[in-house]
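A short worksheet on the structure shown next.
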Amino acid sequence: MATSQLRARARAERKRRAKARKAPRESVFAERFAVFAECLLTGVWIAVASLPLVTYPAAFAAGARHLRRRTSHEAGGLREFVADFRAAVRGGWIAGVAGWAAAAAVWVDVQAVRAGVPGGPLVGAVGLFALIGLAVAGLRAAAVWEPGASWRALLAEAGRRTVLDPAGSFLLVGGLAVVAASALFVAPLAVPVLGAVAAAAVAVEARRRR
C-alpha cells in the first residue's frame, strides 16, 4: 500500500512539473511593467489613506507591505491593504503627529529667516536638513513595518540606517524631490508617484539586507 501511494505521488509530481514547464512564462518586461502599474495604484491607496493627515505613516507602511507581497508573488489586494492600514494606524498616528510638529517647527524657522532674525539662516538650514532626515527615516521605518511592530523601535532603527546608509537615504531624498516637483507642476501626478516612493523605500531596505 505504501509503495503504491509513493508511486501515485511521484506521478502527480511529474504531471505538475510538466504543466509548469508548458505554462507560458510572463516576460521580464511585462512583469516589471505590472509592478510599475501596481506602484501607481498603491500610490492612490496611500493618498486616500493619508487624507486624515496624521495617518500618512500607516498609509506608507500598508503600501510598502502590499508592494513586498507583490514582488514576492504573494496574493493580496485592497482588502489586505486596508487590514494592514488599520493595524499600522494604531500606533502610527502618533508618528504622524510628531511629523507635523517637526514640519511646524521648520516653518517657524523659515519665518525667522525671512524676518532677518540673527542666526536665522543657520537655524533654518539645520531645521530643513533635520526634517528631510526625519522624512527619510519615516519612509525606511514604514518599508519594514509588520503587524504588531513598535513604531518607536522602527523609527529608532530607521534613524540609524538613515545615517549609516547614505546612498539609500539619498535615493529616498530624490524620490521625495520627485513628489514635490510633481505636485508643483502637475499636482495630480504626485498621487501615483507616492507608490513609487514607497517602492523605492522597499528596494532600499532590501538592498541593505543583501
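This is a predicted model, so every value here is computed, not measured. One is the number of the first residue; the rest follow in order along the sequence.
- In the hydrophobic clustering of ILVMFWY residues, with side-chain heavy atoms under 4.5 Å counting as a link, Leu53 and Ile94 come out together.
- Ala49 and Thr55 get closest at one heavy-atom pair: O-OG1, 2.5 Å.
- Hydrophobic clustering, with ILVMFWY side chains joined whenever heavy atoms are under 4.5 angstrom apart, keeps Val144 apart from Phe85.
- When all heavy atoms of Ala64 and Ala143 are compared, the closest pair comes out as CB-CA, 3.8 Å.
- Cluster annotation: Val110 and Val108 are assigned to distinct hydrophobic clusters (Ile/Leu/Val/Met/Phe/Trp/Tyr, side-chain heavy-atom contacts under 4.5 Å, transitive).
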Practice prompt. Output, in order, the C-alpha distance, side-chain angles, deciding distance and verdict of side-chain contact (heavy atoms from CB on, under 4.5 Å) for Arg207 and Asp165.
Written response: CA-CA 10 Å; Arg207 164 186 165 276; Asp165 180 23; 3.2 Å; yes
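- A continuous path of Ile, Leu, Val, Met, Phe, Trp and Tyr side chains, each step under 4.5 Å between heavy atoms, connects Val193 with Val173, placing both in one hydrophobic cluster.
- Taking the six-membered ring where the residue is Trp, Tyr56 and Trp100 present perpendicular rings, their angle passing 60° and hence far from 30°.
- Taking CD of Glu80 as the start and NE2 of His66 as the end, the distance is 9.0 Å to the nearest 0.5 Å.
- In terms of heavy-atom proximity, Ala47 sits nearest to Leu194 at CB-CD1, 4.0 Å.
- The CG atom of Leu139 sits 5.5 Å away from atom CG of Leu172, with the distance rounded to the nearest 0.5 Å.
- Of all heavy-atom pairs spanning Val197 and Gly175, the tightest one is CG2-O, 3.6 Å.
- Thr42 places no side-chain N or O within 3.5 Å of a backbone atom of Gly195 that could act as its donor or acceptor partner.
- From Leu67, atom CG reaches atom CD1 of Ile46 across 7.0 Å, with rounding to the nearest 0.5 Å.
- Salt bridge status for Asp84 with Arg68: absent, with no side-chain N to carboxylate O gap under 4.0 Å.
- Legend: residues meeting salt bridge (Lys or Arg N to Asp or Glu O under 4.0 Å) with Glu205, ordered by chain and number and at least two apart, are Arg140, Arg161, Arg208.
- Cys39 has its side chain out of reach of Arg70: every pair of non-hydrogen atoms, C-beta onward, lies at least 4.5 Å apart.
- Minimum interatomic distance between Ala88 and Ala61 (heavy atoms only, all atoms of both residues): CB-CB, 4.2 Å.
- Think of Leu189 as one node in a network of Ile, Leu, Val, Met, Phe, Trp and Tyr side chains linked at under 4.5 Å; its network also takes in Leu184, Phe185, Val186.
- The shortest heavy-atom contact between Ala141 and Trp151 is CB-CZ3, 4.5 Å.
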Less than 3.5 Å apart, which donor and acceptor atoms pair up between the side chains of residues 117-134 and the rest of the protein, not counting sequence neighbours?
none

Practice prompt. Please test Val136 against Phe170 for side-chain contact (heavy atoms from CB on, under 4.5 Å), starting from the C-alpha separation and ending with a verdict.
Written response: CA-CA 9 Å; Val136 171; Phe170 280 123; over 6 Å; no
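- Residues Trp45 and Leu40 fall into different hydrophobic clusters, defined by Ile, Leu, Val, Met, Phe, Trp and Tyr side chains chained together at heavy-atom separations under 4.5 Å.
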